[in-house]
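Chain naming here is simple, since letters A, B, ... match the order of the sequence lines and numbering starts at 1 in each.
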Protein chains: 2
Amino acid sequence: MLSKKTKYGLKALTYISRTKSDSPVQVSTISKSEQIPQKFLESILLTLRKAGILGSKKGKHGGYYLRHEPSEIKMTDVMRVLEGPIAMVPCVSLNYYEKCDDCPDENKCSVHRLMIQVRDNTLSVFRNTTLEDLSNE
Amino acid sequence: MLSKKTKYGLKALTYISRTKSDSPVQVSTISKSEQIPQKFLESILLTLRKAGILGSKKGKHGGYYLRHEPSEIKMTDVMRVLEGPIAMVPCVSLNYYEKCDDCPDENKCSVHRLMIQVRDNTLSVFRNTTLEDLSNE
DNA sequence: GTAATCCCTAGTAAATTGATAGGATTAATG
DNA sequence: CATTAATCCTATCAATTTACTAGGGATTAC
C-alpha cells in the first residue's frame, strides 16, 4: 500500500508544479486545495526539501518551490524519498540491499526471482515518469 | 514491503510444489527446511487452504498438498490471498476498488494515473508467472 | 515590531505485523 | 481402544509503523 505521506507528497509536488508563478507556494494553500492536514503536509514538504527536491523561503510571503524543472524530477527519486525502497524485499533492492537471514542462495530463491521482475517493471515506470508527466491535464 | 506472511507462503508453496510425492507435506517439515516459525506457518497454510489453493489431510500422516497443477496456480491468485490487493491504492484496484475521499476526479489525479501504470506492470508479471515457474531450478 | 511563514522536536492513538499459547479435532496404527 | 501425530481454531501480545497533533522557535516582509 502507498502511504498517505507519499500520496500527499505527490499531490503537493503536482500542485506546486502546476502553479506557474514566481513566488513560492505556501503550505496552507496546498493544504486547503488538496485537502491535506496542514501540519502533516508541513513535515512532508520538509522531507522533500531536505532531500533537495524542494527549496524554501522563510518568513512572510515564504513558501516552497521546485529546485529543478518538473521534466527533470524523476519519480524514482521522489518515491525513494517519500516511500523508501522501490523493491518489495531488501534482497532485490538496488539502493538498500540486504541479504536475507534465511536464504542460503539467492539465485535459487523463488521469491527473489519473482520480486526482481516486479522491481524491474516498477522501476521502468518510475524512471520514465517525471513530475511534468504528473502535472499534465 | 512484502510481508513475511507472503514470503513464507510463497516459499512453502514452492517447497510443496517441488516435493514430488503422493503423500501430503507436513508443516513441521516445511518449517524446518525453510526456517519458518512453525505456528506462524500453520496459520499461513490454513489461509491458503481456505482460499482453495491448498488441500489438507488431518491426523497422523496428514499434511498439505496442492489442489491444482503448479502450472495452473497463478501468482495473481496467490498474491491476492497472502498480500491482499495488488494495487498500491484502492482507487486503482480491480478487485477491491474504493473511491478516495479527497479526489473529486480520478482521471485528473496525478497519483491515480501513475499508480495505474504500476499496477498494470505488476499485474502482468503475476499473470504470467505460475507456481511452476517459481519451482524450477 | 508585528504578522506570517517555515523549521524543529516530541508525542501519541490506532492499525498492522509477526508472531506465540493452548487446546480441540481428526486419523492412522499397534 | 489407546496412543500418537497431525491439522484446526481462537485468543493474545509485543513491537513497529502510520498518520497525525502540539507547541513553540527562527526568520523575513512590511
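In this structure, the CD atom of B:Q35 is 13 Å from the P atom of C:dA19, given to the nearest Å. Distance A:L82 CG to D:dT17 C1': 16 Å, rounded to the nearest Å. Rounded to an integer number of Å, the gap from A:E83 CD to D:dT17 P is 13 Å. Between the CD1 atom of A:I44 and the P atom of C:dC7 there is a distance of 14 Å, rounded to whole Å. Distance A:Q26 CD to C:dA4 C1': 8 Å, rounded to the nearest Å. If you measure from atom CG of B:L45 to atom P of D:dT7, you get 8 Å, rounded to the nearest angstrom. Separating the NZ atom of B:K4 from the C1' atom of D:dA15 is a distance of 13 Å, rounded to the nearest angstrom. Atom-to-atom, OH of A:Y64 to C1' of D:dT28 comes out at 15 Å; the value is rounded to the nearest Å.
At least one side-chain nitrogen or oxygen of A:Y8 sits closer than 4.0 Å to the OP1 or OP2 atom of D:dC20. For A:Y65, no side-chain nitrogen or oxygen approaches OP1 or OP2 of C:dC6 to under 4.0 Å. Between A:R49 and the phosphate of C:dC6, there is no side-chain N or O to OP1/OP2 separation shorter than 4.0 Å. The phosphate of C:dC7 (OP1 or OP2) has a side-chain N or O of A:S56 nearer than 4.0 angstrom.
Donor-acceptor pairing under 3.5 Å is lacking for the side chains of B:T19 and B:S21.
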Protein proximity profile, nucleotides 20-30 of chain C - base contact B, sugar-phosphate-only contact S, no contact -, cut-off 4.0 Å on heavy atoms: B-BB--BBBS-
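A donor-acceptor pair is defined here as one N or O able to donate and one able to accept, closer than 3.5 Å; no such pair exists between the side chain of A:S17 and the backbone of A:L13. Side chain of B:T129 to backbone of B:F126: no donor-acceptor contact under 3.5 angstrom is found. Under a 3.5 Å cut-off, the side chain of B:S135 and the backbone N or O of B:L131 do form a donor-acceptor pair. No donor-acceptor pair closer than 3.5 Å links the side chain of A:T6 to the backbone N or O of A:L2. Judged by distance alone, with hydrogens and angles left aside, the side-chain atoms of B:K99 form a donor-acceptor pair with the main-chain N or O of B:C103 at under 3.5 Å.
A stem is defined here as three or more consecutive Watson-Crick or G-U pairs, each with both distances under 3.5 Å; for DNA chain C these stems are C:1-30 with D:1-30.
Connection of B:V89 to B:L123 is not established within any shared hydrophobic cluster, with ILVMFWY side chains joined at heavy-atom distances below 4.5 Å, either directly or through further cluster members. No chain of hydrophobic side-chain contacts below 4.5 Å, direct or via other Ile, Leu, Val, Met, Phe, Trp or Tyr residues, connects B:Y65 to B:L54.
Using a 4.0 Å heavy-atom distance criterion, B:K7 is classed as making no nucleic acid contact.
A salt bridge links A:D102 to B:K7: one of the charged nitrogens lies within less than 4.0 Å of a carboxylate oxygen.
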